[in-house]
Amino acid sequence: MQREQISVFDMFKIGIGPSSSHTLGPWRAAQQFAQGLGQQGLLPQVEQVKILLYGSLAKTGRGHGTDIAILLGLSGDDPVTFEVDQITPKIETITNTHKLRLAGTQEVSFSVVDDLLFLFNESLPFHPNAVTFQAFLNTGRAVSETYYSIGGGFVVKEGGSDQAKQEVDLPFPIDTAADLLHWCIKTGLKISEVVMENELAWRSEQETRTGVLNIFKAIKECMYRGCHTTGQLPGGLNVARRAFKLNSKLIGNNSYTNYEEWVMAIRKTGDGFKNILDWVSCFALAVNEENASFGRVVTAPTNGAAGVIPAVLQYYIVFCNGYSDQCIIQFLLTASEIGSIFKKGATISAAMGGCQAEIGVSSAMAAAALTECLGGTQRQVLMAAEIAMEHHLGLTCDPIGGLVQIPCIERNTMGAIKAITASQLALQSNPEKAKVSLDAVVKTMWQTALDMNSKYKETSDGGLAINIPISLPEC
């Protein structure tokens, strides 16, 4: 029985950083709660709202911007379109006026201290990322709903199901890598072509192509912006941005004024081994520095791992002549299917599986996509994904200060380099002789996640988070 139907636009979502599970998911949950009040005709009756954050959402919520995301979501703002430079002014207005305009219409009294509660020592059993919204009406009635942010911006309402999406009859139902390979062998289609056929069950091919290219537009704008922005990251760790200086050093005297010219300028810098490694790191740093700065990014499949796939895609574009609409669509479609297999068989949530579920999955997605785009067979594509994840198994999530900065940003550079290496290994190997399958790695990753101590699952209660002395400003 099929677990769930996942589209390319479920795996790749445009949003605002720094975390898909702690920022984008809670934002969407808050939107849904406010919209639900409106649909029930209850908004005019609401006098007060309270928010209860549990588990990982409480422990690292402030560092991940959970409180900010929820206030914006309750206000009716959308993470795809909301101007990032308006985040701080709007939050300051809510804080200083003690007023919140619910769903953008109903003004209620609101205290960020008394009405937004971080329950650090309480967790709910379904998932570590839980939030309860309470609306108190002038009739004396209270409306309460609980949501779980399960990773990658996916949200589940208690008593409900995953984010509503029309269930359709997919021509190629896929839960596992074995399923995917079965359809590829039976039809002779590439993995990206199988994905496109399934996407046609929801929308036209042109709509899918346009949507994927819109995802790429957000990716390249984020990367370009990150490579051309200086300063320090917010949050109190005083982490300096590095992509700007690295880009400036590598680009030399080559001039440009936009992304397209930048691609050509990078090509002029040469393609030596060290040079390419430096550029891949630069691409990944740029995206995740934007993510840490509440910039607009694309979940790939999460925000914390948002730099891996863009960095490898940019490597393909610049150093493998992959700059065409068809190449980009092929890359992202392939990557999305590998991500969906991990989500169905394991998790893409660091709160459930540690950083293997984010950097590891994104590296596997990128490795697979690059391999198909470089001419690999379907078996080699799956082999590349397996190699990439195999060497991320057990990776913990231990963000210092609860911020998506250390070690998160550098981990994206590592994930990108491993993805490229995994692809190269797969392309030079005979997958018929492989001892480990992708499905075996997915199963192992989930078993590892279940065995992993909760200290290493995005709580900042273990690892680097407790061994690096820091002094953050008071909230």
Side-chain angles (χ1 to χ4, degrees), residues 215-231 233 239-293 295 297-298 300 305-324 327-328 330-332 335 359 362-371 373-374 384 388 391 405 407-425 427:
I215 293 293
F216 172 65
K217 180 175 181 291
I219 286 174
K220 71 178 184 181
E221 288 175 350
C222 175
M223 185 184 301
Y224 188 81
R225 192 167 56 245
C227 280
H228 300 87
T229 303
T230 60
L233 303 178
V239 174
R241 285 177 176 258
R242 285 181 283 177
F244 175 86
K245 289 186 177 179
L246 186 52
N247 176 72
S248 298
K249 178 181 178 181
L250 293 172
I251 207 71
N253 296 321
N254 295 293
S255 61
Y256 56 92
T257 59
N258 54 46
Y259 172 84
E260 283 69 25
E261 292 177 2
W262 183 49
V263 168
M264 300 305 297
I266 295 171
R267 289 174 177 168
K268 292 179 183 178
T269 65
D271 58 359
F273 177 73
K274 181 179 183 300
N275 191 60
I276 290 177
L277 288 181
D278 287 341
W279 272 118
V280 172
S281 293
C282 181
F283 302 149
L285 288 173
V287 172
N288 284 87
E289 286 171 358
E290 280 297 295
N291 180 62
S293 301
V297 298
V298 173
V308 176
I309 289 171
V312 177
L313 175 55
Q314 185 75 351
Y315 161 82
Y316 173 57
I317 287 170
V318 174
F319 299 108
C320 306
N321 295 316
Y323 196 14
S324 71
C327 288
I328 291 162
Q330 182 182 7
F331 189 102
L332 292 176
I359 295 294
S362 63
S363 187
M365 293 168 67
L370 181 62
T371 302
C373 289
L374 293 181
H391 301 288
Q405 297 180 19
C408 320
I409 295 174
E410 286 183 355
R411 279 187 180 161
N412 279 262
T413 71
M414 298 295 104
I417 297 298
K418 283 186 179 181
I420 295 170
T421 302
S423 175
Q424 292 171 330
L425 283 171
L427 287 168

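Remember, predicted model here, so these are calculated numbers, not experimental data.
In this structure, Asn288 contributes its side chain and Asn291 its backbone to no donor-acceptor pair below 3.5 Å. In this structure, the side chain of Thr229 does not engage the main chain of Gly226 through any donor-acceptor pair within 3.5 Å. No donor-acceptor pair under 3.5 Å is formed between the side chain of Ser363 and the backbone N or O of Ile359.
When the shell of 6.0 Å around CG of Asn258 is examined, it contains more than 12 heavy atoms from other residues, nucleotides or ligands.
Of all non-hydrogen atoms in Ala286 and Cys227, the two that sit nearest each other are CB-SG, 3.5 Å. In plain terms, the two heavy atoms of Leu370 and Phe331 that are nearest each other are N-CE1, 3.7 Å.
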inquiry  = Would Ile215 and Val298 count as a side chain to side chain contact (heavy atoms under 4.5 Å, CB included) here? Give the steps.
reply    = CA-CA 7 Å; Ile215 293 293; Val298 173; 3.9 Å; yes
inquiry  = Using side chain to side chain contact (heavy atoms under 4.5 Å, CB included), reason through Asn412 and Val287 one step at a time and then give a plain yes or no.
reply    = CA-CA 9 Å; Asn412 279 262; Val287 172; over 6 Å; no
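Note on Glu221 versus Lys217: salt bridge recorded, some NZ/NE/NH1/NH2 to OD/OE distance being below 4.0 Å.
Legend: residues meeting side-chain hydrogen bond (donor to acceptor under 3.5 Å, both in side chains) with Glu289, ordered by chain and number and at least two apart, are absent. Applying the side-chain hydrogen bond (donor to acceptor under 3.5 Å, both in side chains) rule to Gln330 yields the partners Glu372; only residues at least two apart in sequence or on another chain are considered. With sequence neighbours left out, the side-chain hydrogen bond (donor to acceptor under 3.5 Å, both in side chains) criterion links Thr371 to Ser423.
Counting only heavy atoms from C-beta outward, the side chains of Ile266 and Ile251 approach each other to under 4.5 Å. Side-chain atoms of Ile420 and Ile276, non-hydrogen and from C-beta on, never get closer than 4.5 Å to each other.
A salt bridge (charged side-chain N to carboxylate O under 4.0 Å, His left out) check over residues 411-421, counting only residues at least two apart or in different chains, returns the pairs Asp398-Arg411.
To the nearest 0.5 Å, atoms CG (Leu233) and CD (Gln405) are separated by 4.5 Å. Within the model, atoms CE of Met223 and NZ of Lys220 stand 11.0 Å from one another, a figure rounded to the nearest 0.5 Å. Here Ile417 contributes atom CD1 and Leu277 contributes atom CG; the two are 4.5 Å apart, rounded to the nearest 0.5 Å. Put simply, OG1 on Thr421 and NE2 on His391 are 10.0 Å apart, with the number rounded to the nearest 0.5 Å. Separation of atoms CG (Leu285) and CZ (Phe283) is listed at 11.0 Å; rounding is to 0.5 Å.
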Please set out all donor-acceptor pairs under 3.5 angstrom arising from side-chain atoms of residues 305-321, sequence neighbours excluded.
from	atom 1	to	atom 2	distance (Å)
Gln314	OE1	Tyr259	OH	2.6

Can you give the donor-acceptor pairs under 3.5 Å from side chains of residues 239-247 to other protein atoms, not counting sequence neighbours?
from	atom 1	to	atom 2	distance (Å)
Arg241	NH1	Glu290	OE2	3.1
Arg241	NH2	Glu290	OE2	3.1
Arg241	NH2	Ser293	OG	3.0
Arg242	NH1	Glu410	OE2	3.1
Arg242	NH2	Glu410	OE2	2.9
Asn247	OD1	Trp262	NE1	2.9
Asn247	ND2	Tyr256	OH	3.1

